[in-house]
Asks: 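First the structure, then my questions, so here it is.
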2 protein chains.
Amino acid sequence: MQKEHNLSKNQKIIFDLIDKSGGPMKAYSILFNVQKKGIKAPLQVYRALDKLVEIGKIHKIESRNAFIACQNSSCQISKATAFSICESCENVSEISNSKLSKYLSNFSDNSGMKYSKYNLEFFGLCKKCKLK
Amino acid sequence: MQKEHNLSKNQKIIFDLIDKSGGPMKAYSILFNVQKKGIKAPLQVYRALDKLVEIGKIHKIESRNAFIACQNSSCQISKATAFSICESCENVSEISNSKLSKYLSNFSDNSGMKYSKYNLEFFGLCKKCKLK
DNA sequence: CTTATAAATGTTATATTATTACATAACGTT
DNA sequence: AACGTTATGTAATAATATAACATTTATAAG
Ligand SMILES: [Zn+2]
Ligand SMILES: [Zn+2]
Ligand SMILES: [Zn+2]
Ligand SMILES: [Zn+2]
């Protein structure tokens with residue numbers, strides 16, 4: 001069962017926007033879109049984003065400096081994330097594959113380091129863009 | 001056999017600096033360090049970095065906006081990269097594990113998308129930092 | 001209800017990371 | 001030499017992110 005996180009006002013505004021957009025959004029594009037709702041400064045956006053990432057409602061696409069709503073209801077914490085990214089249209093989707101996540105969560109190398117978190121980004125051309 | 005890339009003057013200065021540092025370096029820290037060698041503007045650094053990434057001599061650590069020399073002689077192109085990152089001391093090392101790279105290079109999900117590239121970042125505490 | 005504490009907000013300024021635009025120079029090939 | 005490609009130099013600016021400080025709101029304990 002998911003822990004219920006009661007989002008604050010700004011967090012809710014920003015989460016709803018990202019969620020409805022259906023794709024990755026950049027911080028300043030978010031800012032532009034929420035100015036009519038009274039969120040006027042970058043820091044207000046970044047604070048909400050930080051919290052939303054922390055509780056796993058959104059994830060950061062590091063290679064794009066963008067944020068996307070979690071598409072995987074089981075991801076309460078952003079500690080094991082994988083994405084597929086189209087290098088042509090920039091479409092992003094979250095990969096939900098239990099074999100992959102099991103493989104990566106259990107991965108260990110000879111460094112003796114135990115990993116508590118990972119982020120994986122795959123790149124290629126999506127179906128649509130391959131046809132063009 | 002590795003293709004020999006004849007680095008240009010700026011590319012060589014910047015690669016040597018990153019390589020000698022032994023760890024990840026940020027663009028503006030690189031800039032600061034090469035000013036005595038006549039590289040005075042951010043763009044000169046970014047252009048060299050772009051080229052070095054393209055030919056696989058360095059990789060970008062996306063979550064840190066930093067660049068590290070390739071520690072894996074076989075990586076001519078940055079198309080399959082994996083790193084372990086200590087969240088305490090920020091030490092980074094490139095993971096060279098043939099099983100992992102084989103697994104990820106062959107990975108495909110039900111999206112029908114064929115991936116040509118990936119980047120994986122693992123996070124945790126390195127041995128030293130675990131003891132503290 | 002009151003007090004204490006933590007979490008969130010508002011605001012201004014600033015730091016950090018990266019690119020655009022344009023002009024010039026060096027290199028590699030024929 | 002002439003050509004196309006790659007690299008360089010320089011100035012300006014865009015895009016991304018954080019510091020510092022004051023205030024308010026939510027949560028929980030007594
Ligand atoms: Zn998720
Ligand atoms: Zn596409
Ligand atoms: Zn490498
Ligand atoms: Zn460490």
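Basis for what follows: all heavy atoms, side chains included, without hydrogens, waters or symmetry-related copies. Here is how names work: the chains are called A, B, and so on, in the same order as the sequence lines, proteins then strands, and each is numbered from 1.
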Asks: What contact category does B:K12 fall into here, base, sugar-phosphate, or nothing, at under 4.0 angstrom with non-hydrogen atoms?
Replies: nothing
Asks: May I ask you to decide whether A:E87 forms a salt bridge with B:K117, counting only side-chain N to carboxylate O separations under 4.0 Å?
Replies: yes
Asks: With nearest nucleotides of DNA chain C determined for A:Y28 and A:I39 from heavy-atom distances, which residue corresponds to the more 5′ nucleotide?
Replies: A:I39
Asks: Check A:M113 against B:I85 and note the closest heavy-atom contact, atom names and distance.
Replies: CE-O, 3.4 Å
Asks: Would you mind telling me which residue lines up with the more 5' stretch of DNA chain D, A:R47 or A:A27, judged by nearest nucleotide?
Replies: A:A27
Asks: Check whether any side-chain heavy atom of A:V34 lies under 4.5 Å from a side-chain heavy atom of A:N10, and answer yes or no.
Replies: no
Asks: If you check every side-chain atom of B:N65, which of C:dT9, C:dG10, C:dA18 has the closest atom?
Replies: C:dA18
Asks: Is the shortest side-chain N/O distance from A:K9 to OP1 or OP2 of C:dA8 below 4.0 Å?
Replies: no
Asks: Output the rounded distance in Å from CG (A:L31) to P (C:dG10).
Replies: 13 Å
Asks: Is the shortest heavy-atom distance from the side chain of B:S105 to the side chain of B:Y118 under 4.5 Å?
Replies: yes
Asks: Rounded to the nearest angstrom, tell me the gap between atom OH in A:Y46 and atom P in C:dT16.
Replies: 15 Å
Asks: Students should find this one: the first and last nucleotides of DNA chain D, 5' to 3', lying under 4.0 Å from a heavy atom of chain B. What are they?
Replies: D:dA7 to D:dA11
Asks: Measure from the side chain of B:K26, starting at C-beta and using heavy atoms only, and say which of C:dT19, C:dT12, C:dT16 lies closest.
Replies: C:dT16
Asks: Please work out which of the three classes, parallel, tilted or perpendicular, describes the rings of B:F107 and A:F122, given edges at 30° and 60°.
Replies: parallel
Asks: With a 4.5 Å cut-off on side-chain heavy atoms, are A:I58 and A:I14 touching?
Replies: no
